[in-house]
Amino acid sequence: MAAPVVLVVLAALLALATSRLWSYAVVRLAWRPRAMARRFREQGVHGPSYRFLTGSNEDVRRMKAEADGVELDLRDHDYLPRIVPHLVKWKHQYGSPYVYWFGPQPRICIFDYELVKQVLANKYGHFIKNDTHPTILAMIGKGLVLVDGSDWVRHRRVVNPAFAMDKLKMMTGTMVSCAECLIKKWEDQATYSKSREIEVEFSKESQELTADVISCTAFGSSFMEGKEVFHAQKQLQAITVATMLNVQIPGFKYLPTKQNRCKWMLENKLKNTLSRIIQCRVASKESGFGNDLLGVMLEACFTKEQGGKKGEQILSVDEIIDECKTFFFAGHETTSHLLTWTMFLLSVYPEWQERLREEVLRECGKGNPNADMLSKLKEMTMVLLETLRLYSPALFIQRKPITDMVLGEIKIPKGHAIIMPSPIMHREKKIWGEDADQFNPSRFQNGVTRAAKVPYALLAFSIGPRACIGQNFAMLEAKSVLAMILQKFSFTLVPEYKHAPVNCVTLQPKFGLPVVLKLLEVRNWII
Ligand code: HEM
């Protein structure tokens, strides 16, 4: 009697597995993508053909490998054929917009500023963030960058006050003291060297500096405490880069592969370290939690009556841990590359380096700058904006509609990802002018909204309600650090520098940025 029952159960399980496999392999991986491609073609949206399972991934991998050896001239800022050769090629081949395939999922690439404005601003409520690579999720957590809908409103309401201008002004002092430590170290080393100059790998140093700044300003901890978070996130970032083009097979993330085990270990480490930082703050504060970002979030977690319903927790402890991951990463990674690329450009254009130095000495003198002085650095703002246009650390903005949408003349079904590649749009000649490929900070002399044909042309911090919450923080930090470097040193690239920007989640120099810092004045006591 028992044997037939077992057989029936096994047959049922087999039937279930076969139907699942059929639905996954035939419907999701073969039939659906082809049907979607046909629907796009009928609307005049073309692109590379879909390949079973891998979509366009293998073509992208091949084109990137071919382009990887290309090295650019120092004044050649068109690195797009190096880092996104597929996007450039397909834009020429298929026009705009076009569709390509990330595995079995379509990616609709749009380049039209009006459409981008609709997605990010006018109709932003109809779009949510695209699915995130599992390792990116482990690295930055489901914090403000990735939450959507009412969760986003709740998180943003809590976090906003930490970025008010008066708070940022206070934080400038901390930014300046962090920078002072590093610059003092360089100054000492240069003073003792015969040539009064030293070589530093600026990209590495600036990552450590900005990690220190976010640890101190947002979490009230020092770099030593934030160091574990920084290193765990760096390792997760490396795994992301290595697996970026792997097709996500359902269930694969639960298998104990070497990479998954490493990811789990780092995820645990991150969570434990952040829990420790949070517990320390909770334990040491009898009268309030402090008014930095962590304090503001803890207040919202423990003060249950703020805003929402009585008794409702505004942020749970797990949500705070995720926000900490988000802010540790978003708060330092992008700003450090903004600093790095600005140092690169100022080394390549020494006339601008000199102009900025004159401005800094005029507005800030030789002492440490404060927020009011920094707000007067108009030329420096222009250079930073031009750096963000040409070397935007964040490369793509992605969304997907929550219902079927019509965008321009195209029908985009619910859940289909839209990619807005800002570095390509930042080089559109019809928007930015004939010199769009060149470094020309003067285009920003009448402000960011008058630099191009449309007022929202600079997408480096995105636009609309979900634009970067940390943009003023990033600009203040970049200005403080640059002003202090310019006061003390002149700088040039080492002759061996190879110009090869690379996409490692953010835009980075592949071989770092080795620069020579030369002391402008020798300190009196050494003479
Ligand atoms: C040069 C520096 C920076 C650049 C280029 C940059 C770029 C961006 C971009 C493009 C977005 C929008 C992403 C999207 O719409 O998908 C964004 C969002 C965000 N950024 Fe930044 N960012 C920078 C610095 C910072 C800093 C210093 C912080 C924190 C201290 C920060 C925190 C965030 C957060 C939390 C969001 C999500 C905002 C929301 O959705 O409400 N960023 N950033």
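Keep in mind that what you see is a predicted model, and the values were worked out from it rather than measured. Any value given below was found using the heavy atoms of this structure, including those in side chains, with hydrogens, waters and symmetry copies removed. Counting starts at 1 for both ligands and their atoms, following the listed order.
In this structure, the ring of Tyr98 has its center no less than 6.0 angstrom from the ring center of Phe40. The distance between the ring centers of Phe230 and His332 falls below 6.0 angstrom. A centroid separation of 6.0 Å or more is found between the aromatic rings of Phe439 and Phe344. Taking the ring centroids of Phe219 and Phe327, they lie at or beyond the 6.0 Å cut-off.
Remark: the backbone N or O of Asn130 is not paired with any side-chain donor or acceptor of Gln398 at under 3.5 angstrom.
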Pairwise, report which nitrogen or oxygen atoms of ligand 1 are under 3.5 angstrom from protein nitrogen or oxygen atoms, and how far apart they are.
unit_1, atom_1, unit_2, atom_2, d
ligand 1, 15 (O), Arg399, NH1, 3.3
ligand 1, 15 (O), Arg399, NH2, 2.8
ligand 1, 16 (O), Lys129, NZ, 3.1
ligand 1, 16 (O), Arg399, NH1, 3.1
ligand 1, 40 (O), Leu144, O, 3.4
ligand 1, 40 (O), Arg466, NE, 3.0
ligand 1, 40 (O), Arg466, NH2, 3.1
ligand 1, 41 (O), Trp152, NE1, 2.7
ligand 1, 41 (O), Arg156, NH1, 2.6

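Side-chain atoms of Thr506 and Gln508 form a donor-acceptor pair, as typed in the model, at a separation below 3.5 Å.
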